[in-house]
Amino acid sequence: KDTGESTVLCGKPDCAHTYSENNRSCNALINARFLTYYNGKLYYSNADRVKENGSYVDYGERLFSMNLDGTEHNAIQSMNLTDGSNTSMFVTEPMIHRGYIYFCYSGALYAVALGDDIDNAVKIYGSEIIADGSNFINTNEMYYELWADGDVVYFMAKNVKQSNGTYKDTLFSYNPHTNKTEKVWEVPNKSEVGTWDTTGVSVSQWYVSNGYIYFFLRSNDIWYTELSTGRTNKLIDLDLDAGIAAFSNEYIAVINKEY
């Protein structure tokens, strides 16, 4: 951070930092579906196939931890609710927050304590689309974007089917202390905010902080809604036909994709 330099996360002497079927010894090799920092360690997951006694053993999707210097890779827990299944992490990226990991399995959202048996996972929302959890890639089916603010976990359920047959992104909150899930927001109607490039369906990027959701509608503007009252106001007037927004506690950055 001080120098701005980056390096491969492996301190082994003479390591070439390359991968082959017969050489998987580099500490930086993780082949991860997702990577996150939590409580002094890096966590990642992958579909773990390990060569043992000359043949491969399929351990399925597993969560691992590693030290910040790349050492001590440890399997933390299985991420498969059904042996040989897939947790759909290619659509929904898991999140670790305050001792729990939140993840999607076959279209439903679950939470389980970090390091706990996956059979103890609690379903937060949704229904399993495929009973055996086998692979599916269909962006018209349910997937989620996860966020946390304090004790509360928020998830944007994408493509929620409405009573009129249309679809809308819908924000829910989950309180792990009470195990209560409730709907707190949905994408506004174009009569409220005007048109945008996915009018009536999807929010481009969003961020929750202190009871407010801040959101960007591509080809429109940046807005915010007070979740307790539902009042929506424009925050920034933009003149972009395309772009991506990134939010933090202090800043909002918008990348103009027209150029």
Check whether any side-chain N or O of [X] sits under 3.5 Å from a backbone N or O of [Y] as a donor-acceptor pair, and report yes or no.
X: Asn67; Y: Asp69; value: no
X: Thr170; Y: Ala157; value: no
X: Thr198; Y: Val201; value: no
X: Gln205; Y: Ala245; value: yes
X: Thr225; Y: Leu227; value: no
X: Asp169; Y: Val203; value: yes
X: Gln77; Y: Asp116; value: yes
X: Asp151; Y: His177; value: no
X: Thr195; Y: Thr199; value: no
X: Ser202; Y: Ser204; value: no

Contacts of type salt bridge (Lys or Arg N to Asp or Glu O under 4.0 Å), residue Asp149, not counting sequence neighbours
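Asp149 satisfies salt bridge (Lys or Arg N to Asp or Glu O under 4.0 Å) with no residue once adjacent residues are dropped.
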Pairing residues for Lys183 by the salt bridge (Lys or Arg N to Asp or Glu O under 4.0 Å) criterion, not counting sequence neighbours:
Glu186
Interatomic distance, [X] atom [atom1] to [Y] atom [atom2] [nearest 0.5 angstrom]:
X: Trp147; Y: Ser173; atom1: CH2; atom2: OG; answer: 16.0 Å
X: Ile244; Y: Arg218; atom1: CD1; atom2: CZ; answer: 7.0 Å
X: Phe34; Y: Thr92; atom1: CZ; atom2: OG1; answer: 12.0 Å

Test ring pair (Phe, Tyr, Trp, His ring centres under 6.0 Å) applied to Phe215 and Trp196, Trp185, Tyr207, the passing residue
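With Phe215 as partner, Trp196, Trp185, Tyr207 yield a single ring pair (Phe, Tyr, Trp, His ring centres under 6.0 Å), made by Trp185.
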So if you build clusters from Ile, Leu, Val, Met, Phe, Trp, Tyr with side-chain heavy-atom gaps below 4.5 Å, do Tyr154 and Val122 land together?
no
same_hphob_cluster(Ile30, Val8) at 4.5 Å side-chain heavy-atom cutoff:
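No, Ile30 does not connect to Val8 through the hydrophobic network.
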With ring pair (Phe, Tyr, Trp, His ring centres under 6.0 Å) as the criterion, how do Tyr38 and His97 come out once you've worked through the C-alpha distance, each side chain's angles and the decisive distance to 0.1 Å?
CA-CA 8 Å; Tyr38 177 74; His97 182 64; 8.0 Å; no
Report the C-alpha distance between Lys168 and Asn189 in whole Å, list the side-chain angles of each, state the deciding distance to 0.1 Å, and finish with yes or no for side-chain hydrogen bond (donor to acceptor under 3.5 Å, both in side chains).
CA-CA 10 Å; Lys168 269 192 173 184; Asn189 296 318; 2.6 Å; yes
Classify the ring geometry of Tyr105 against Tyr110: parallel below 30°, tilted from 30° to 60°, perpendicular beyond 60°.
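The rings of Tyr105 and Tyr110 stand perpendicular, inter-plane angle above 60°.
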Specify whether Tyr44 and Phe64 have parallel, tilted or perpendicular ring planes, treating 30° as the upper limit for parallel and 60° as the lower limit for perpendicular.
parallel
List for me each residue that meets side chain to side chain contact (heavy atoms under 4.5 Å, CB included) alongside [X], sequence neighbours excluded, and say none if there are none.
X: Asp221; value: Trp223, Lys234, Asp237, Leu238
X: Lys12; value: Cys10, Cys15, Ser25, Asn27
X: Tyr37; value: Leu42, Leu68
X: Pro176; value: Tyr102, Tyr174

